[in-house]
Amino acid sequence: MKKYIHIIILTFASALFFAGCSKETAPEVDNGICGEWSLTSWNGAAPGEDFSVYMELLPDGSFNLYQKVYTSTFDRYSGTYTADGNIFSGSYSDGEPMALYSYEVGEDGNTLTLTATGTGESDVCIYTRTGIPDDVRSAENALTKSGAEKGRRFL
């Protein structure tokens, strides 16, 4: 009888152990924001000729950011994001957190407005759904930036 009690207790303990072990949960992502976007307005003004930002938001919660900010080439940043309710947040692949934003997708699904919150900044970025050009994505033009090469990041 003791043998059966030990087996039952061992089985129960094993079940509790494995129930407590869970895989990482997937990030919360609003599918309405997934896709490729281009910055069309920053704080009420259109970006200049030497100022261009593209972002790709993937359904798995990862992103790629291609930006040319007063330089001759695009810099590429990547990381993970969450979009839950109306809050957009995340971090870059080097561990640097991105700014915290509230977001809104336009009724037609073709505009995405990100408004910085909680940082004292009042940045308002409006993106339009568009494909990212191949020359922007290309390896020779999209230099991946590390944490040591920090510049102004648009997320």
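Keep in mind it's a predicted model, so treat the numbers as computed, not measured.
Proximity of a side-chain donor or acceptor of Y66 to a complementary backbone N or O of I132 within less than 3.5 Å is not detected. At least one donor-acceptor pair under 3.5 Å links the side chain of N43 to the backbone N or O of V124. Not a single donor-acceptor pair under 3.5 Å links the side chain of R129 to the backbone N or O of S38.
Residues meeting the side-chain hydrogen bond (donor to acceptor under 3.5 Å, both in side chains) test with S41, sequence neighbours left out: none. Every side-chain hydrogen bond (donor to acceptor under 3.5 Å, both in side chains) that E56 has, sequence neighbours left out, goes to N64, R137. Partners of S89 according to the side-chain hydrogen bond (donor to acceptor under 3.5 Å, both in side chains) rule, which considers only residues two or more places apart in sequence or in another chain, are T82. Contacts of S91 classified as side chain to side chain contact (heavy atoms under 4.5 Å, CB included), with partners at least two apart in sequence or in another chain: T80. In this structure, D134 has no side-chain hydrogen bond (donor to acceptor under 3.5 Å, both in side chains) partners at least two apart in sequence or on a different chain. Residues that satisfy the side chain to side chain contact (heavy atoms under 4.5 Å, CB included) test with T128, not counting sequence neighbours, are T40.
Scanning all heavy atoms of the two residues, the minimum distance from C34 to P59 falls at SG-CA, 3.6 Å. Between Y127 and L114 the shortest heavy-atom distance is CE1-CD1, 3.8 Å. In terms of heavy-atom proximity, G85 sits nearest to Y103 at O-OH, 3.2 Å.
One distance of note links OG1 of T115 with CZ of F88; it measures 12.5 Å at 0.5 Å rounding. Distance check, rounded to the nearest 0.5 Å: CH2 of W42 to CD1 of I126 gives 13.5 Å. To the nearest 0.5 Å, the span separating CG on N86 from OG1 on T117 amounts to 8.5 Å. Interatomic distance, K68 NZ to Y54 OH, rounded to the nearest 0.5 Å: 8.5 Å. Summarising the geometry, atom CD belonging to E104 is positioned 7.5 Å from atom OG1 belonging to T111; distances are rounded to the nearest 0.5 Å. Here the CD1 atom belonging to I33 is positioned 11.5 Å from the CZ atom belonging to F63, to the nearest 0.5 angstrom.
For the pair S78/Y92, no side-chain contact is recorded, criterion being any heavy-atom separation below 4.5 Å from C-beta on. Residues P47 and V53 fail the side-chain proximity criterion, which asks for heavy atoms closer than 4.5 Å.
Taking the ring centroids of Y101 and Y81, they lie at or beyond the 6.0 Å cut-off.
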Next item on the list: Assess whether side-chain contact (heavy atoms from CB on, under 4.5 Å) is satisfied between C125 and T113, documenting all intermediate values.
Entry: CA-CA 6 Å; C125 301; T113 303; over 6 Å; no
